[in-house]
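Fair warning: this is a prediction, and the values are worked out from it, not measured in the lab. Note on naming: letters A, B, ... go to the chains in the order of the sequence lines (proteins, then strands), and numbering restarts at 1 for each one.
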There are 2 protein chains.
Amino acid sequence: MEHSSQLLKGVLDMCLLALIAEDPSYGYEMASKLEQRGLELVSEGTIYPLLSRLQKKGYIEGYFVESAGGPPRKYYRILPDGSDRLSRWAHEWQTVSNGVGAILNGGPNGGSRG
Amino acid sequence: MEHSSQLLKGVLDMCLLALIAEDPSYGYEMASKLEQRGLELVSEGTIYPLLSRLQKKGYIEGYFVESAGGPPRKYYRILPDGSDRLSRWAHEWQTVSNGVGAILNGGPNGGSRG
DNA sequence: CTCAAGTACCTTGCGGAACAAGGTAAACGG
DNA sequence: CCGTTTACCTTGTTCCGCAAGGTACTTGAG
C-alpha cells in the first residue's frame, strides 16, 4: 500500500535517500548533514537501521572506504530503484506538505480572514 | 522532551488541533475536512484516540451536541493551552517542512547544479 | 415491528518507526 | 596501556496509526 500516511513516517527514509542521491555519504556524517538542513532530530541509533532498510529494499548500496583518522566508513550510493522511489516520495511530500500548510493557514474554504 | 521528530509523528495531532482551532468540530466530520485539505489518510479509528489524547493533555475540551439525524455529536473546542501548542507546532512544522524541502532540492550548500 | 442503511462514537490487536542505551572496533596522543 | 574521537551496529521500549470490531440513535422500506 502506498498510503500517504506512510510518507509521514518515512520522512527520514526519504531524507536519507535524498542526501545519498546528492552525494554518497556514510551514517555518521549524515547525522551532521541533517542538522545543517534544519533537521536535528536524528541520532545514530535511528540512522543505521534506516540505512539497512533502504539497502534491503534495493534503493541504495553500501561499500567500505578506508578512513584516515578512524575505522573504515560505510558509504552508501543510490541505485536506480532508489532514484525512482525518491521522485515518488518527493512528489507525495509536496502533496502532504501543501495539505498540512493549507490546514495550518485556515484552509482553502475557511479563509485566513474568517 | 520537545524533539522535532515528535512533530513528524504528531502531524495528525497538529492537523486536528488546527481544524478545531478554526471551528469547533467533531471526529466524524474531521475525517471529511482532512480529505478536503488533501490528507485522505485518516480513518475514524485513528482520529478518536487522537482526540482523546489531545483532551487528556488539556489542549481541547469536548462537549456533546444533539444531532437531528443521528446520535449526539461530540464537538471539541480549543483551549488556551491548545492554542499555544498549535502556534509552536506550526512553527516547528515550518522549520521541518523547509528543511525537508531543502534536502529534496539539493540543499542550500549543495546546489541543484552540484 | 423487523431489517437495512446512514450517522456518530469508542476500543482492541497489530505492525512499523524512532528513541535511548549499550556494545564493538580503529586511530591518535599521553 | 588508557582515554578520546571517529565510526558502525543491535537491542529494548515507547508511541503512532491502521484495520477491524463493537455500540448506539434515527430514518426509510416492507
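- Rounded to an integer number of Å, the gap from Y48(B) OH to dG22(D) P is 18 Å.
- Distances from the side chain of Y26(B) to the nucleotides dG17(D), dC10(C), dA8(C) place dA8(C) closest.
- In this entry the distance linking OH of Y28(A) with C1' of dT4(D) reads 11 Å, nearest Å.
- Remark: side-chain polar atoms of D84(B) are not paired, donor with acceptor, to backbone N or O of P80(B) under 3.5 angstrom.
- Computed from coordinates, the K56(A) NZ to dT10(D) P distance equals 11 Å when rounded to whole Å.
- Nucleic acid contact class of G27(A) (heavy atoms, under 4.0 Å, all strands): sugar-phosphate only.
- Mapped onto DNA chain D by nearest heavy atom, G69(A) and E66(B) fall at different nucleotides, with G69(A) at the one closer to the 5' end.
- Proximity note for P71(B) (side chain, C-beta onward) versus dA24(D), dC9(D), dA26(C): the nearest is dA24(D).
- The distance between atom CZ of R73(A) and atom P of dA7(D), rounded to the nearest whole Å, is 4 Å.
- Contacts of E44(A) with the nucleic acid, taken as non-hydrogen atoms under 4.0 Å apart, include base atoms.
- Taking CD1 of I20(A) as the start and OG of S83(A) as the end, the distance is 11.0 Å to the nearest 0.5 Å.
- For residues 59-79 of chain B, every residue pair satisfying the side chain to side chain donor-acceptor pair (under 3.5 Å) rule, not counting sequence neighbours, is listed here: Y26(B)-R73(B), Y59(B)-R85(B).
- The CG atom of L51(A) sits 14 Å away from the P atom of dA17(C) (whole-angstrom rounding).
- One atom, CG of L16(B), and another, P of dC16(D), lie 13 Å apart when rounded to the nearest Å.
- Between P49(A) and G70(A), it is P49(A) whose nearest contact on DNA chain C lies nearer the 5' terminus.
- Protein atom CZ of R53(A) is 12 Å distant from nucleotide atom P of dT10(D), rounded to whole Å.
- Summarising the geometry, the separation between CD1 on I47(A) and P on dC19(C) is reported as 9 Å, rounded to the nearest angstrom.
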